[in-house]
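One structure is given here, and the rest of the page talks about it.
These figures come from a predicted structure and were not determined experimentally. Residue numbers start from 1 in every chain, and the chains themselves are labelled A, B, ... in the order their sequence lines are given, proteins ahead of strands.
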Amino acid sequence: MPGNVVRARVPITFSYKNRVGHALEQYINGLKEKKILGVKCPACKKVYVPPRTVCGKCHKPIDQMVEIGQEGVLKNFTTAHVTIANGEITDVQQPYIIGLIKLPGASSLISGIIKTSSVPEVKTGMKVKAVWKETTQGDYNDLAYFEPA
Amino acid sequence: MKRNVAIISVGYNGRFVSKRPDINIPELIQPAVDTAIGKTKLKHDQIEAYVVGNMHTFEGINQPHLWASDHFGGSKKPVMRVATGGSTGASVYQAAYYHVASGMYDVVMAIGWEKHDEGDAQVGLMGILLPEAFSLFNFGPDMSEDRGVAGLGGGGSTGGAAFQAMSYLTKAHAGIEHIDRVAAMMRSNAAKNPYAHLQQPGCTEADIAKTPIISYPLRYGHTCPTSCGAIAMILVSEEKAKKFGITDRVAWVKGLGSGASDATTGNIIEGQITDPAEQYMCKVVAKKVYSMAGIKDPRKDIQVAEVYSGFSHQDLMWPERLGLVDEGKSPEMLDKGAFAIDGELPLNPSGGVTSTNAIGASAMVRVGEAALQVMGLAEGGHQVQRKIENVVAHGWGGLFQFVTVTVLGRTPVKK
């Protein structure tokens, strides 16, 4: 390495206090009751999960909450080899599966950890169901993971 | 379009490489500027305005226009800096085009660069993604722990792209071997481009298949490198091109456009997740650009494509979304050799982004390479030999949801 390279390390902490907004607050409260909520556009009938306050397609405000089924189809997945906790990215001992799941009644996909007895068992198109934490507290983690249905 | 605009010169700083510890960022830019000017009879002071850009934060810097203007010749001249993520280079070029097409200026230089060895791209990505990702709370993606934003959990931008690759393969009934094959083709094309970074003459599917999986189905061999390099282009009005007497070896801008989509049209990280491989916006933008360029059938009228593929599955996906190939048919085109430099639709003769990626330059390199193909000036054996009328250049940026498309041609659109 030539001597004209200056190497500097500057520690930076990003910290956020993000407001989730009206629709997501209801979604998160729903998780506490082991329910998955979406919102239905009155014009195009699309059901957004998680819910939002406006339909991008129709440019209309939407607020009609609907409950979504908890057993759906795995539409897409990848393997993850790192995890992020408190802002730190660390390697995991074993790769895990992150899936995108189509739940009945939803027009969009939601992401979740897929747990199976073996990784090769995971296939696009397989049926999966939501598994909840025993004690829920109104947090994304209440919906613990999805397993084969 | 107000006025016809031609690209009259394209200059690189030299071969793109992973590290240039011998020079600083302005010193990387300057040779590209000098090369572009040196290929014409113009002098530096004839450049009336500059549009410049690099990827924000990847080099650990945010406002290059603060300190680089002397080196590219922009002091005391109008300078505009543009940054749109991966598509920055194309957006810079489009802004330069508007400068000339509007009638405000006659001779404008566009410059795009990246010096990846100065910063940490992953930290830069975090600096960009984190604020965006946190705002995504408003749309629902879970940022906590393992599920994180799926892209982060899966490993940076490869993690996000993995879902797109998976969706593409499923829809096209293709396999990971097709991604291996197209990746190998790009690295062998790069060997014919003296400016390309990863040059692997005769690279095979097996060579790529040996590389480890990063986020299934994407391997190390399917991902772009981080390169140091700069590109400069000179854009002039039709009147000035005639006055300068340079109307034969030029590339005319016939159509251009850009568009941003939300998740509802097929994205992964932003808003609602639907299908990251749908890329509806690319189809919309391409259609508009073709109509602007007077192209009725892109499959007949466009002879070469330079698409922006940070990940190799995109080399199969974009030609379809750009309307050059039927949906799901790229693997078949690849297998019959149609995408080769001497094939029916040469795809990235330059070796593409998976061979060379100086991010702020990359999307402009697609346009620059398209221009060189039209001019017949691509060096080192990657010039397409059959007659070229039109070339399409494409770029994507943002969170997989911002698209730019340009058509360059041998003759200007009639006014």
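Side-chain atoms of Met166(B) and Thr78(A), non-hydrogen and from C-beta on, never get closer than 4.5 Å to each other. Inter-residue side-chain proximity for Pro95(A) and Ile213(B) is flagged as unmet; no heavy-atom pair is nearer than 4.5 Å. Between Ile98(A) and Phe163(B) the shortest side-chain heavy-atom distance falls below 4.5 Å.
Annotation: salt bridge (Lys or Arg N to Asp or Glu O under 4.0 Å) contacts of Glu177(B) (sequence neighbours excluded): none.
In the displayed structure, Lys329(B) atom NZ is contacted under 6.0 Å by at most 12 heavy atoms of other residues, nucleotides or ligands. Taking a 6.0 Å sphere around NZ of Lys102(A), one finds it holds more than 12 heavy atoms contributed by other residues, nucleotides or ligands.
Although no hydrogens or angles enter the test, the distance criterion places a donor-acceptor pair under 3.5 Å between the side chain of His81(A) and the main chain of Ile214(B).
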I'd like a table of donor-acceptor pairs (distance under 3.5 Å, sequence neighbours excluded) in which one partner is a side-chain atom from residues 28-37 of chain A, with atom names and distances.
| unit_1 | atom_1 | unit_2 | atom_2 | d |
| --- | --- | --- | --- | --- |
| Asn29(A) | ND2 | Glu25(A) | O | 3.3 |
| Lys34(A) | NZ | Lys133(A) | O | 3.4 |

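For a residue to count as touching a neighbouring chain, one of its non-hydrogen atoms must lie under 4.5 Å from one of that chain's; by this rule Ser167(B) touches chain A with backbone and side chain alike.
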